Amino acid sequence: MEKTLIIIDGNSIINRAFYALPDMSNSDGLKTNAIFGFVRMMFKIIEDYKPTHMSVAFDKKAPTFRHKQYADYKAGRKKMPDELGQQLEPLKELLDKFNINRLELEGYEADDIIGTVAKLGEENDFKVYIVTGDKDAIQLASHKTTTLITKKGVGEVEEYDYDSVVERYEMTPTQFIDLKGLMGDKSDNIPGVPGVGEKTGIKLLKEYSTIENLIEHTEELKGSIKKKIEENKELALMSKELATIIRNVPIDVKLEDLEYGDYNKDDVIEKFKEFGFTSLISKLLDMDGGETTIKEEINLKIQHLDDAENFIKKAEENGHVIIDVIGKEGNILDKKILYVFLSLDGEEIYYVNEDELQTIAGLLSNSEIKKYGYDLKEDYILLKPYGIELNSMNFDITIAEYLIDSKSSTSYECSAIAMKYLTRKIKSKEDLLGKGAKAKKFDQIEFDELSAYIGDILNTVADVYPKMEEKLKETEMDGLFYHVEMPLVEVLGSMEYTGMKVDKDQLDELKEKFTTIINKLENEIFELAGEPFNINSPKQLGVILFEKLGLPVVKKTKTGYSTNAEVLEKLRDKHEIIDKITEYRQIVKLNSTYVEGLLKIINPKTGRIHSSFNQTITTTGRISSTEPNMQNIPVKTEMGRDIRKVFVADNGCKLVDADYSQVELRVLAHMSGDENMIDAFKHGEDIHSKTASQIFDVDIKDVTSKQRIEAKAINFGIIYGKTDFGLSQDLNIPVPTAKAYIESYFNKYPKIKEFMDEAVESATETGYATTILNRRRYIPEIKASNFIVRNQGKRFAMNAPIQGSAADIIKVAMVNVYNKLKENEMKSKLILQVHDELIVEAVEEELEMAEKIVREEMENAQAMDVKLDVDLNTGDSWYETK
DNA sequence: TATTTCACG
DNA sequence: ACGTACGTGAAATAC
């Protein structure tokens, strides 16, 4: 078999990878993007070229013989950024685990080592590939050596062997050295012949082949070229010498030392885990070569549940059961269940069909038997239409993983969790169903394949949960998990299932009204612009405003002119079209996102809207809402607020809407322990007026509305870690004034300053921020050497405990409200949460009781030094509750 | 698929 | 000196 040697230019590839990939870091704050890019590239090369031998060459820091030859060699090169430098050693350690030979030699560059080793390979009849991002290495291409140059970052390579070089450039590879001698190289600071560039260089070499020959025949040249060459003979020769990769460096290397493939995959996996490269582990396991102790096949016994009674008995003894319910896609209220899979140990897997659900209904609703699973909320919702309540949902691995790492790079896909915790490769949903438009549905998959997929999930749950539980205990998040997040699964499931009633007729009316206004505005805008265009296109709008109408450019985006609301506000005096556009934008937004968006998504069966509430999205602990997003329904403008009129209570019901007053500032007051702010809340003072009176040193009775507005901006700004500059922009005041305001704020609320400093300090030390209930957010940014990123990390550290604690508190309130309504066997339902607001659809007979429950549970969700204050309103529509 | 804009707390 | 407020999701256009 032909032997294949691959030599990688380590510095070149890690450099390319660093600049091509976005910032990444592991949980220790180590930057990993360049290592990741390097490995991904290396894997691709190994797969494509199947090397028998490999080596990676690195530059040494010390000056090389070229520096001695020419003092200015590579002068003016920027220093390697620290974010890249810190990744070099870890990469080398990783290569050692791969048992891939590394070469470096004092006084020589990686190129020279590569040239020398390539030559050695050629002499021994190897097929040689050189991998680099540097075109200089094209000079090494030959009939036996192919140079692979990365393009598009590090995703692809271009092949250069002798023939393809000659074909492309009409030059031999070695003539590239002469070419560089003539034209020089800016990046290496090789001078070349002044005034000779690529075109002239190629022309000369076509005629004279080499610099030496060219110099011998200068008399044949004409005009300025003749002069240039004659005057710079020495410079040309020296440049050529500098550009020549030498192929006989004194390095002691034998080809048998370069053999590739004998390594221990377990060791490599260890490293990958350290770097957080979950996705690469799975690729590694697929690759040829290497040894591993990881067992690929797990023997699952999948069988129909014939004896439900016996299984239930065993489940009772066991105390828990692992479950996964598989349904067809469809309307939330009647997604048909295909199968329910159950297991006690994750190895013996049982299933029942839809028509046998009743045989296990008792098991599912039995509160004494804990349910473990993957995405239990989905299972809960699927079972609801069958009248089966999935009780005692106790361990959901997606929720646990979210707490363990709220911005886990691996996502919460089960296959990723299996890889991360078990180093076990199982099919992902995408592997099973395909992706994009061609993706299949569960009911289009053969049962054997489907059951194997589900079996893997149950098996993963069985093996992962003890590890996750341990991790949750270790990080003191087990309380948060078992008492807040897991109970919340049912709450959110119930909210989705219940939904919120929408008055479709009103929505239709709004659509008509908005469409009329939009058409009118559109015509007026076209008239003012002098031509029709797409107003929704920022690009076309930019051309009209800034080129045709000649308005001044206020701000640019990376693709063109900015036309956002802030920019338009600054231009409104300059042209009457601006106000029309602002109004047009506003109404189009309301119409397309809300009116049309909501119409599309009303459930035909219930006439209600069933948003999805996601518990594993945000980095801070908040929940998010999709399809539709019920958390950004307009409220700030009168016209927008009209949208809320369509959200109504069902017949015989009222909407009870309760929101926390200043919950984040109260959290801040409590967590910081600042007496002054705590006092303000204790006395029921208006916190913004109080702050204004403090900053501006006036009596609280004499605070002007302008002062209050400014104080409000400062109060909120503080929560986000706002700077004096930002505040000055917002309030349109000079920076020093803003600075004085902030200083004065911290003087009056000294413990808040201490709290912020302490938050940053502790996050810097531990790498994470924590909330009242011990929720964690990892902040690798806080260790960045880049000032901008590091400052951003500090703001995360200041904001996460506040926003996160507020999220903790309302989650507790939700669980308690839900449970109280349930305990009292009330028909009233919690249907919505908007970060600091809860909405209950209360049947009229229960109204008073529901109001009392909501208020009490919200007020008492968390004991703090400041009490939680709740504003509660009841009405027939969401609009009326404000 | 990425970018821009804008709705909310 | 650097850039400058946290957390989301949806729609539309342009590539």
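Residue numbering restarts at 1 for every chain, and letters A, B, ... go by the order of the sequence lines. From a predicted model like this one, the values you see are computed outputs, not experimental measurements.
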Sidechain-backbone polar pair: A/Ser625 side chain, A/Pro628 backbone, donor-acceptor under 3.5 Å:
yes

What does A/Asn791 touch in the nucleic acid at a heavy-atom separation under 4.0 angstrom: a base, only the sugar-phosphate, or nothing?
base

When rounded to the nearest 0.5 Å, the distance separating CG of A/Asp724 from CD of A/Gln729 is 10.5 Å

Per-nt protein contacts along nucleotides 3-9 of chain B (heavy atom under 4.0 Å; B base, S backbone sugar-phosphate only, - none) come out as SSSBBSB

Base, sugar-phosphate or nothing for A/Ile617? Non-hydrogen atoms, less than 4.0 Å.
sugar-phosphate

Please examine the side chains of A/Ile718 and A/Met756, heavy atoms only from C-beta on, and report whether any two atoms are closer than 4.5 Å.
yes

Identify the 5'-most and 3'-most nucleotides of DNA chain C with at least one atom closer than 4.0 Å to a non-hydrogen atom of chain A.
C/dC2 to C/dC15

Measuring only the C1' atom in each nucleotide, how far is C/dC2 from B/dA7? A whole number of Å is fine.
32 Å

How are the rings of A/Phe546 and A/Tyr561 set to each other: parallel, tilted or perpendicular (split at 30° and 60°)?
tilted

So what does A/Arg777 hit on the nucleic acid, given a heavy-atom distance under 4.0 Å: a base, only sugar-phosphate, or nothing?
sugar-phosphate

Please state the C1' separation for the pair B/dC8 and C/dA5 - nearest whole angstrom.
16 Å

Would you mind checking if A/Glu524 and A/Lys520 are paired as a salt bridge, meaning a charged N to carboxylate O distance below 4.0 Å?
yes

Spell out, as yes or no, whether a donor-acceptor pair under 3.5 Å connects the side chain of A/Asn799 to the backbone of A/Ile719.
yes

Note every stem involving DNA chain C: at least three consecutive Watson-Crick or G-U wobble pairs, i with j then i+1 with j-1, with both distances under 3.5 Å.
B:1-9 with C:6-14

For a quick check of understanding: with a heavy-atom distance under 4.0 Å over all strands, which category does A/Ser624 fall into, base, sugar-phosphate or nothing?
sugar-phosphate

Approximate separation, where rounding is to 0.5 Å, of A/Asp869 CG and A/Arg855 CZ
8.0 Å

Answer with base, sugar-phosphate or nothing: what part of the nucleic acid does A/Asp730 contact at a heavy-atom distance below 4.0 Å?
base

A/Glu531 CD: over 12 foreign heavy atoms closer than 6.0 Å:
yes

Crowding at NZ, A/Lys739 (>12 non-hydrogen neighbours, <6.0 Å)
no

Has A/Arg790 got more than 12 heavy atoms of other residues, nucleotides or ligands less than 6.0 Å from its CZ?
yes

Any idea how A/Tyr778 and A/Tyr768 line up, ring-wise: parallel (<30°), tilted (30 to 60°), or perpendicular (>60°)?
perpendicular

